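Whatever order the structure lists ligands and atoms in, that order sets their numbers, starting from 1. All values derive from a computational prediction rather than experimental measurement.
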Amino acid sequence: MACDGSRWALVAHGGAGAIARGDLTAGQEAAYREAMATAARAGGAVLSSGGPSMDAVEATIRILEDDPLFNAGRGAAFTAEGRNELDAAIMDGATLAAGAVAGLTTTRHPIAAARAVIEGSPHVLLSGAGADAFARSRGLEPADPAWFFTERRWRSLERALERLGLPAPPRPAGARDAGLGALVHEEGKYGTVGVVARDAAGHVAAGTSTGGTNAKRWGRVGDSPLIGAGTYAADTAAAVSCTGAGEYFIRLGVAHRICALVEYAGLSLQAAADRVVQDELTALGGAGGVVAVGADGRMAWSFNTSGMYRARIADGVPLTVGIYKDED
Ligand code: ASP
């Protein structure tokens, strides 16, 4: 998918995975489409009023983090120990400033913490209890770990632990379901959220937020908070956010690789995204997808799974929401 454009543009994803036509009920499909549309519209409103791409990315991701349909913030996947450990990153293509957090457990909006790393520390990536303490020191909203709990993700954990032959941990204290009932779809191992934007001043930004993979162990960190792997932005090329089996995205350096193909090899953004996702990622055995926006405002996405929740909106281009492979 590619779309011409020279003014503001925003593309969002809500995770890639096993999402084929017929897998979702009409109610599920409508809920995901509505959630993606609401978030993308909010980001588009920031950009259409002249706001910076970093603000649009953060605003859009905050909404998706609060939405229990997605594996980010509320609704995150659980570790094998029954915890929600949240990762996020954001990058400013104008300055190459980048901030990231891994393993947050008590911060409501990991994307806000990632952004605060840029503004309030000399570092790029903070992890674990230190990252939560940093978020508190910056006045970011705390959350009880139970805030992130959803019954659907807990069941996914129980099934995964059974397959792995691992014991089921006790349910987190105070766990209450977000009441999604039949609206949630089990998209497999994934479900991260990510947003890329190009503002009217021509600056791009990318952000990604996730609970990581279901039943992850040993302090596992995926590609999302790793600059160059799951998230990258440079005004000289593009902004990219990834979703999928993080270990493969890390090994390929997917987000930076797409930008490098645009900048140094002169590929179009869509061609670069397709080369890395359809050819290289697939050859390595990795599953997932990307959304991207070029410094020229062109939008692209590419995924090698059966579906990816996604939305795009741009100056003069109406909102489009897609789930399945055969949609524009
Ligand atoms: N890429 C994420 C990770 O590996 C998972 C996802 O995109 O759903 O942590």
Side-chain angles (χ1 to χ4, degrees), residues 11-19 32 35-36 61 64-65 67-80 83-90 100-105 110-111 114 125 127-128 131 148 150 152-153 156-157 160 184-196 206-232 240-258 273 276-277 281 284-292 301-310 323:
V11 195
H13 70 74
I19 323 164
Y32 280 90
M36 290 306 299
I61 292 182
L64 294 167
E65 285 177 340
D67 191 325
L69 287 175
F70 301 100
N71 174 15
R74 193 171 188 214
F78 288 95
T79 67
R83 291 153 53 89
N84 297 116
E85 295 183 358
L86 311 170
D87 303 338
I90 190 165
V101 286
L104 290 181
T105 58
I111 195 67
L125 172 59
S127 69
F148 304 110
T150 50
R152 131 302 166 128
R153 295 282 182 198
S156 301
L157 173 67
V184 291
H185 169 253
E186 194 49 71
E187 78 286 340
K189 285 181 263 182
Y190 313 124
T192 292
V193 307
V195 178
V196 292
T208 313
S209 182
T210 188
T213 46
N214 185 28
K216 63 187 179 180
R217 300 173 77 187
W218 306 300
R220 181 261 188 196
V221 176
D223 60 314
S224 309
L226 301 187
I227 298 302
T231 308
Y232 199 76
V240 180
S241 170
C242 305
T243 176
E247 282 70 11
Y248 296 89
F249 285 74
I250 295 170
R251 290 163 60 200
L252 272 177
V254 167
H256 185 268
R257 196 173 181 90
I258 291 170
V276 176
V277 173
L281 181 70
L284 204 60
V290 304
V291 293
W301 53 52
S302 189
F303 52 98
N304 67 2
T305 48
S306 52
M308 182 170 78
Y309 299 113
R310 59 198 188 273
I323 300 177

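- At least one N/O-N/O distance between Asp223 and ligand 1 falls below 3.5 Å.
- Of all atoms in ligand 1, numbered sequentially from 1 with element shown, those under 4.0 Å from a heavy atom of Ser224 are 1 (N), 2 (C).
- Considering both main-chain and side-chain atoms, Glu247 never comes within under 3.5 Å of ligand 1 through any nitrogen or oxygen pair.
- If you number the atoms of ligand 1 from 1 as listed, the ones under 4.0 Å from a heavy atom of Gly244 come out as 1 (N), 2 (C), 3 (C), 4 (O), 5 (C), 6 (C), 7 (O).
- Remark: Arg83 pairs with Thr79, Glu81, Glu85, Thr105 by the side-chain contact (heavy atoms from CB on, under 4.5 Å) rule, at least two apart or across chains.
- Using a 30° and 60° split on the angle between ring planes, Tyr32 and Tyr309 fall in the parallel class, below 30°.
- Considering both main-chain and side-chain atoms, Thr243 comes within under 3.5 Å of ligand 1 through a nitrogen or oxygen pair.
- Near Gly212, the atoms of ligand 1 lying under 4.0 angstrom from a non-hydrogen atom of the residue are 9 (O).
- Asp223 places no side-chain N or O within donor-acceptor distance of the main-chain N or O of Tyr248, the cut-off being under 3.5 Å.
- If you look at Arg220 next to ligand 1, the close heavy atoms, those under 4.0 Å, all belong to the side chain.
- A heavy-atom distance below 4.5 Å is not found between the side chains of Leu64 and Leu69.
- The N/O atoms of Gly191, backbone and side chain alike, include one that comes under 3.5 Å of an N/O atom in ligand 1.
- The salt bridge (charged side-chain N to carboxylate O under 4.0 Å, His left out) check on Glu65 picks up nothing, with sequence neighbours excluded.
- For the pairing with Cys242, the side chain to side chain contact (heavy atoms under 4.5 Å, CB included) check across Val254, Val291, Val276 returns one residue only, Val254.
- Between the side chains of Thr192 and Thr210, at least one donor N or O lies within less than 3.5 Å of an accepting N or O.
- Residue Gly246 has at least one nitrogen or oxygen atom sitting less than 3.5 Å from a nitrogen or oxygen atom of ligand 1, judged on distance alone.
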